[in-house]
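The structure displayed is predicted, hence computed values, not measured ones.
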Amino acid sequence: ALECTIDYCFATGTVTVSGSGADGNNGGLIGYVWDPSSTVTNCYSTGDVTGARLDDNVGGLVGKNQGTIERCWSLSTVIGGDAGDGSGGLVGLNSGTVSRCWCSGDVTGRSYVGGLVGWVLGSTATIINCFSTGQVNGGSNTIGGLVGSNEGTITNCYTTGNIPDASANKWGGLVGWCTSSGFIYNSYATGIISGSSGGLVGTLAGTISNCGWFRNATGTAVAIYSPSTELITYNIKDGGGAGYIDDTVDWFYLKTREV
């Protein structure tokens with residue numbers, strides 16, 4: 001659709017896509033927010049969303065977003081397509097802005113899978129003041145507790161979702177793959193991630209600042225640096241628990257839950 005405003009809307013029905021084809025955008029409420037000037041605010045979805053076609057973007061609320069999504073949430077369980085461009089608990093693929101949103105449904109996909117957003121595409125894409133709590137299940141690579149692949153900026157976000165059966169190839173507790181244009185600030189992950197993947201990021205080519213992870217989940221913040229130069233600063237609490245000092249963690253929970 002062209003420029004539009006969607007406010008205080010919701011969907012509770014199940015969305016299931018079948019048949020052949022490719023490059024679809026499937027969401028619990030909206031398939032594709034196309035215009036960068038469009039806004040979606042104060043909306044939610046609760047019905048499960050399943051995509052079955054090659055390279056589908058599948059999200060609990062929105063399949064693909066190029067506009068602004070703010071103060072929205074989703075309880076939807078999300079199952080991505082056969083290959084998948086992006087599968088996320090709230091948005092499948094985001095090249096716009098997602099602000100003050102949250103989701104709690106489990107997410108399953110093959111690649112580019114995240115608890116909140118599957119793929120943050122483009123250096124201007126933004127996620128700020130958001131969180132996710134659902135479990136993330138991946139079948140290939142580029143899997144993250146919050147975001148599968150990040151090319152933009154993530155600020156003041158967290159995830160508590162677990163990632164079972166993880167491997168080291170672009171699997172991370174917060175972000176699976178942070179590319180050279182990606183930035184992650186003031187964010188953390190507390191979910192349990194199995195295997196040798198990174199507690200924060202699976203493969204890092206970008207920059208992380210002031211971020212933390214659950215030390216009991218994995219002893220490594222980043223599984224693979226690409227290039228090998230370490231571009232990360234973080235605060236680590238001694239022993240188990242979140243990577244931040246206690247009062248910082250409390251602040252994050254209080255601040256980001258004000259959605």
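Separation of atoms CG (L116) and CG (L61) is listed at 10.5 Å; rounding is to 0.5 Å. Atom CG of L90 sits about 11.0 Å away from atom CG of L75, to the nearest 0.5 Å. Note: T153 OG1 to F183 CZ = 6.5 Å, rounded to the nearest 0.5 Å. To the nearest 0.5 Å, atoms CD1 (I30) and SG (C43) are separated by 6.0 Å. A distance of 9.5 Å separates OG of S140 from OH of Y112, quoted to the nearest 0.5 Å. The line from CG of N129 to CD of E70 is 9.5 Å long, rounded to the nearest 0.5 Å.
Of all heavy-atom pairs spanning S74 and G89, the tightest one is OG-O, 3.5 Å. The two residues V113 and R110 make their nearest non-hydrogen contact at CG2-N, 4.0 Å. Across A11 and G28, no two heavy atoms sit closer than the pair CB-O, 3.2 Å. In this structure, S38 and V33 approach most closely via the heavy-atom pair CB-CG1, 3.8 Å. In terms of heavy atoms, T142 sits closest to W177 at CG2-CB, 4.0 Å. In this structure, T46 and S76 approach most closely via the heavy-atom pair C-OG, 3.5 Å.
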Would V120 and E151 satisfy side-chain contact (heavy atoms from CB on, under 4.5 Å), going step by step from the backbone distance to the final call? CA-CA 6 Å; V120 178; E151 300 176 15; 5.7 Å; no
Do T179 and N150 pass the side-chain contact (heavy atoms from CB on, under 4.5 Å) test, and can you show the C-alpha distance, the side-chain angles, and the key distance before you say yes or no? CA-CA 6 Å; T179 71; N150 176 47; over 6 Å; no
Run the side-chain contact (heavy atoms from CB on, under 4.5 Å) test on T159 and T190 for me, step by step, so that the C-alpha distance in whole Å, both residues' side-chain angles and the decisive distance to 0.1 Å come before the verdict. CA-CA 6 Å; T159 179; T190 63; over 6 Å; no
Working for side-chain contact (heavy atoms from CB on, under 4.5 Å), residues N156 and Y185: CA-CA 6 Å; N156 298 347; Y185 301 119; 5.9 Å; no
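At least one side-chain heavy atom of V98 sits under 4.5 Å from a side-chain heavy atom of C130. Side chains of V201 and I208 form a contact here, defined as non-hydrogen atoms less than 4.5 Å apart. Here the side chains of D56 and D85 are not in contact, with every heavy-atom distance at 4.5 Å or above. Looking only at side-chain heavy atoms (C-beta outward), P164 and Q135 come within less than 4.5 Å of each other. Residues L174 and Y188 fail the side-chain proximity criterion, which asks for heavy atoms closer than 4.5 Å. Side-chain contact between S187 and Y158 is absent, with no heavy-atom pair separated by less than 4.5 Å.
Residue I184 is not grouped with residue I128 when hydrophobic side chains (ILVMFWY) are merged at heavy-atom distances under 4.5 angstrom, including chains of intermediate members.
For S45 (side chain) and G60 (main-chain N/O), a donor-acceptor pair under 3.5 Å exists by modelled atom type. The backbone N or O of I192 lies less than 3.5 Å from a partner atom in the side chain of N162, making a donor-acceptor pair. In this structure a side-chain-to-backbone donor-acceptor pair under 3.5 Å is missing from N186 to T155. No side-chain donor-acceptor contact under 3.5 Å links W102 to the backbone of T133.
A donor-acceptor contact under 3.5 angstrom links the side chains of D7 and T41, judged on distance only.
Tested against N65, the residues T97, N94, N57 include a single side-chain hydrogen bond (donor to acceptor under 3.5 Å, both in side chains) partner, N94.
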